[in-house]
Amino acid sequence: MQALFAQLLVGLINGSFYALLSLGLAVIFGMLNIINFAHGALYMMGAFVAYFLLNNDYLSIGYWPALIVAPIVVGIFGMILERTMLQWLTGLDHLYGLLLTFGIALIVQGVFQNYFGSSGLPYAIPDQLKGGMNLGFMFLPVYRGWVVIFSLVVCIATWFLIEKTRLGAYLRAATENPTLVRAFGINVPRMITLTYGLGVGLAALAGVLSAPINQVRPLMGADLIIVVFAVVVIGGMGSIMGSIITGFALGVIEGLTKYFYPEASNTVVFVLMVLVLLVKPTGLTGRAA
Amino acid sequence: MTALTDDTLPVTPRAMRDEMIVFAVMALLLASVPFSGVYPFFVMQALCFALLACAFNLLIGYGGLLSFGHAMFLGTAGYCSAHALKVWALPPELGILVGVAGAFVLSIVTGYISIRRQGIYFSMITLALSQLLYFIYLQAPFTHGEDGIQGIPQGHMFGIFDLSKPTVLYYVVLVGFLAGFLLIYRIINSPFGEVLKSIRENEQRAISLGYRTDQYKFLAFVLSGTLAGFAGSLKVFVAQNASLTDVHWSMSGEVVLMTLVGGLGTIFGPVVGAFAIIAMQQYLASFGQWVTVIQGSIFVICVLTFRRGVVGEIAHYFRRSL
């Protein structure tokens, strides 16, 4: 029973990474119409920035500031990418965005691999979150509980920002009809850049959260991103809430599989994707493409 | 939304003549390789990838479908052939047949699933399916996991051609490549190919004209996957092993890169692109991980500045179809 709850917790944690990443993908896809293949690489960058901040002799900034600084740094990097490259693809086929961001991912991962090799670097759990709680039916490491709750809060905050605020209303309007929104005096290109920054920042935040759990290594995002793509296909990119719920749900299902039938734990998300596609090709919450 | 290949020329007798001339030059150049002092192993490897890229190009260049998981056909056919040759001790021609059949079955299954979604979703589904297969092959006993299937006997093709001799092997691979290439050329220039192009340009219009576009796309997917499998089977004889690298998704990325560099939707582009990328990997191997960075940069440069690719730009400049 202990093991079952432990796997459920692992599933919830993975689910929070899936949710944060597919949420960022959905935000970027909504505004830029680009499937951001570089998302995994930017997630990895988030973890590495946190690692730098901690281990640099002059900075030695710990986990808490890194939680804010790393997403901002990586977000700015993303905005530079958008301004220098991605914006030139407006109006072209979707596939070019996929190919361009794939190239960017290769470059970023290649550079990090050159300097850090492929093995993992450890990142210590911050002092305040060390230890664990005995809940009676299971032992809960504090840090893991924190990851789940914190990412849930971030997801809901992002949902609130996009669905309930004035800024979010502009954003959604610009997705529907950029020309008209522009005519109202809103700087749409700047909004697009900021949106990309926001999506990238969410990926980097997931990276910082994951640094103490998974080791910091250059390819940590490469394989994760394919699972996230499968999550996106299952959920459909129709709604923000859809990607959050699908992300967490699939993490939990993966965790359960690890307990009941470990051999299939790597493949269960893909198998689910196949099943969903056979029954409902648009995905669970998706609109028709 | 602009199409992937925005300025394809109509098929005219002149275009056909141009293409046949270039084909003859290519065939002659390739046939003279054993006499030229070029390392034949390198050319054979490039030929396998060129065939793979051509098969991939059939799907994206003419059907507008970006498959990001084409390595699964290469790898599956490789494993099937390798298993047939080593464990069942079948002769080479039957080994190839088993591999191609494996890729054929796989492309029917994956095509049926992935063709249901369009555009980038299609790409993501093919990517996810290939990753699913990767994990299956990692755990399945017959693939020997990380070790792969090694020491595959090359045998005698049709009982006559001794494939352990490099020159004989080279010509067998070359004939395989040219046959595959001509088949793809024939498909592109058939009525089926014309319908495929119309789907690429405007799927809604093709539907309104009464074409069941899903069936055409499915058939293109199966043809492309099967031919990619043929490339994988040939590769087994060249490399004498079948390993997980052939199924990994980074291989799919390389195939995309080859086609993009050479020119999407051009007939000779994938061949040029495959040779360019394989040569690059061969000569830049000493740079280690920087090769990834260079490949990524080529992706970025191609997408931002010359989307037509090498052959595409040349063809565009001379207003010819190549």
Side-chain angles (χ1 to χ4, degrees), chain A residues 29 33-35 37 41 84-85 88-89 91-115 117-118 218 222-223 225-234 236-237 263-267 269-271 273-274 277-278 280-283 286 289, chain B residues 1-6 60 64-66 68-69 109-110 112-125 127-136 138-139 200 248-250 252-253 256-257 260 264 287-305 307:
Chain A
F29 183 68
N33 253 319
I34 280 176
I35 283 283
F37 216 120
T84 51
M85 298 183 198
W88 302 108
L89 299 181
L92 288 175
D93 199 290
H94 289 132
L95 305 179
Y96 286 118
L98 186 81
L99 296 179
L100 181 71
T101 46
F102 179 65
I104 293 172
L106 285 185
I107 296 174
V108 172
Q109 278 162 8
V111 168
F112 276 86
Q113 267 186 299
N114 267 303
Y115 289 108
S118 293
D223 290 326
I225 190 70
I226 302 177
V227 182
V228 174
F229 278 178
V231 171
V232 166
V233 172
I234 295 170
M237 290 259 249
E263 289 83 0
S265 60
N266 283 327
T267 51
V269 174
F270 303 114
V271 174
M273 181 194 80
V274 170
L277 281 169
L278 290 177
K280 193 166 182 290
T282 48
Chain B
M1 186 91 6
T2 47
L4 286 163
T5 44
D6 45 359
I60 185 172
L65 294 166
L66 172 62
F68 226 106
V109 176
T110 52
Y112 180 73
I113 297 162
S114 56
I115 235 69
R116 292 162 165 248
R117 294 302 302 271
Q118 293 164 347
I120 37 181
Y121 283 99
F122 172 80
S123 309
M124 285 154 65
I125 292 162
L127 180 61
L129 287 173
S130 79
Q131 187 73 354
L132 170 67
L133 265 169
Y134 176 84
F135 282 122
I136 291 174
L138 184 65
Q139 291 172 350
R200 175 193 68 193
H248 196 252
W249 62 271
S250 56
S252 303
V256 181
L257 181 60
L260 188 66
L264 295 173
F287 286 90
Q289 285 304 330
W290 287 113
V291 176
T292 325
V293 180
I294 296 167
Q295 282 188 342
S297 312
I298 296 175
F299 254 111
V300 170
I301 292 165
C302 277
V303 174
L304 286 178
T305 58
R307 278 186 280 276

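A note on names: the letters A, B, ... follow the listed sequences, proteins ahead of strands, and every chain is numbered from 1.
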Which atoms of A:M85 come close to chain B, meaning under 4.5 Å heavy atom to heavy atom: side chain ones, backbone ones, both, or neither? both
A:I35 versus A:H94: any side-chain heavy-atom pair under 4.5 Å? no
In terms of heavy-atom pairs under 4.5 Å with chain B, the winner among A:G110, A:A230, A:S118 is A:G110
Checking B:Y112 against chain A: side chain, backbone, both or neither under 4.5 Å from a heavy atom? side chain
Contact class of A:L278 relative to chain B, heavy atoms under 4.5 angstrom: both
Chain A contact via B:S297 - side chain, backbone, both or neither, heavy atoms under 4.5 Å: both
Chain B: which of A:N114, A:V108, A:I107, A:V233 shares the most heavy-atom pairs with it under 4.5 Å? A:N114
What verdict does the side chain to side chain contact (heavy atoms under 4.5 Å, CB included) test give for B:H248 and B:L138, after you've listed the backbone C-alpha separation in whole Å, the side-chain angles of each residue and the deciding distance to 0.1 Å? CA-CA 10 Å; B:H248 196 252; B:L138 184 65; over 6 Å; no
I want to know whether A:F37 and B:F68 have ring centres closer than 6.0 Å. yes
Give a yes or no answer on whether the side chain of B:S130 reaches the backbone of B:W249 with a donor-acceptor pair at less than 3.5 Å. no
Less than 4.5 Å to any heavy atom of chain A: does that hold for the side chain of B:V300, its backbone, both, or neither? both
Give, as side chain, backbone, both or neither, the part of A:Y115 having an atom under 4.5 angstrom from any heavy atom of chain B. side chain
By a 4.5 Å heavy-atom criterion (distance strictly below it), what part of B:I298 contacts chain A: side chain, backbone, both, or neither? neither
What option among A:T101, A:V271, A:L100 has the most heavy-atom pairs under 4.5 Å with chain B? A:L100
Tell me, side chain or backbone of A:A222 under 4.5 Å from chain B's heavy atoms, or both, or neither? both
Derivation of the side chain to side chain contact (heavy atoms under 4.5 Å, CB included) call for A:F112 and A:Q109: CA-CA 5 Å; A:F112 276 86; A:Q109 278 162 8; 5.9 Å; no
Answer with side chain, backbone, both or neither: which region of A:I34 has an atom nearer than 4.5 Å to a non-hydrogen atom of chain B? neither
For B:R116 and A:L277, indicate whether the former's side chain and the latter's backbone hold a donor-acceptor pair under 3.5 Å. yes
Start with the C-alpha gap between B:F122 and B:I115, add the side-chain angles, then the distance that decides, and say whether side chain to side chain contact (heavy atoms under 4.5 Å, CB included) holds. CA-CA 7 Å; B:F122 172 80; B:I115 235 69; 3.9 Å; yes
